[in-house]
Amino acid sequence: MTTIPQVIFLDTNVYLIGMVEIDSAECKILQWLGWESQGNNEVEVVISAELIDQISRVARRLKNKDWGGEIIGRIWQKLKVRYVQIEDSTLARMEA
């Protein structure tokens with residue numbers, strides 16, 4: 001029996017590749033989560049300020065800032081989001 005996770009965290013690349021390559025595994029993951037049409041998916045996607053910043057920075061380099069905004073907007077509108085805050089001291093320890 002397959003167990004479906006209740007909460008997942010997706011790497012920045014999943015969002016970026018999923019938006020560009022429609023036949024990719026990344027795109028299929030986003031579709032499953034309700035990327036195109038808000039589904040009745042019970043799976044929560046973890047996001048943070050750091051993830052949003054990374055998506056924005058990388059998307060701006062690859063295309064433009066509007067594309068980054070489109071991705072971020074779609075995350076908030078289409079996915080079931082669990083926003084987590086990471087304290088600066090905790091982030092510094094993780095980076096070290």
Side-chain angles (χ1 to χ4, degrees):
M1 183 170 141
T2 303
T3 304
I4 297 173
Q6 295 178 341
V7 180
I8 61 172
F9 176 82
L10 302 175
D11 183 71
T12 305
N13 291 326
V14 174
Y15 296 102
L16 298 172
I17 294 168
M19 284 286 287
V20 174
E21 297 180 17
I22 60 171
D23 292 330
S24 67
E26 291 85 350
C27 185
K28 290 177 182 159
I29 291 168
L30 293 175
Q31 296 297 332
W32 176 69
L33 291 169
W35 194 249
E36 289 297 327
S37 60
Q38 193 168 10
N40 191 12
N41 202 334
E42 294 300 316
V43 179
E44 290 181 303
V45 178
V46 176
I47 65 168
S48 66
E50 177 67 23
L51 177 70
I52 298 297
D53 184 51
Q54 286 180 16
I55 291 170
S56 181
R57 271 194 335 261
V58 176
R60 187 177 329 122
R61 276 185 287 169
L62 295 175
K63 283 193 174 188
N64 57 50
K65 66 181 173 94
D66 293 337
W67 189 57
E70 179 184 343
I71 295 170
I72 294 165
R74 203 177 277 198
I75 290 170
W76 284 109
Q77 292 172 3
K78 300 290 186 177
L79 304 182
K80 186 174 182 182
V81 172
R82 179 183 291 187
Y83 184 83
V84 296
Q85 285 186 290
I86 303 173
E87 299 290 327
D88 289 338
S89 59
T90 303
L91 185 59
R93 282 195 310 270
M94 289 169 37
E95 288 175 348

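Rounding to the nearest 0.5 Å places CZ of Arg60 at 9.0 Å from NZ of Lys65. Here the straight-line distance linking atom CG of Leu51 with atom CD1 of Ile55 works out to 4.0 Å at 0.5 Å rounding. We find the OG-CZ distance between Ser56 and Arg61 to be 10.5 Å, quoted to the nearest 0.5 Å. Rounding to the nearest 0.5 angstrom, the gap separating the CD1 atom in Ile29 from the CD1 atom in Ile8 is 7.0 Å. How far OH of Tyr83 is from CD1 of Ile52: 7.5 Å, rounded to the nearest 0.5 Å. Interatomic distance, CG of Leu30 versus NZ of Lys28, reported as 12.5 Å (0.5 Å rounding).
Contact between Val46 and Phe9 at its shortest, heavy atoms only, is O-CD1, 3.3 Å. Of all non-hydrogen atoms in Trp76 and Ile47, the two that sit nearest each other are CZ2-CD1, 3.6 Å.
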Evaluate the criterion side chain to side chain contact (heavy atoms under 4.5 Å, CB included) for residue pair Ile75 and Val45; output intermediate values, then yes/no. CA-CA 9 Å; Ile75 290 170; Val45 178; 5.7 Å; no
Show every donor-acceptor pair shorter than 3.5 Å between a side-chain atom in residues 13-27 and any protein atom, with sequence neighbours excluded, or say none if there are none.
from	atom 1	to	atom 2	distance (Å)
Asn13	ND2	Asp11	OD2	3.2
Ser24	OG	Glu21	O	2.7
Ser24	OG	Cys27	N	3.1

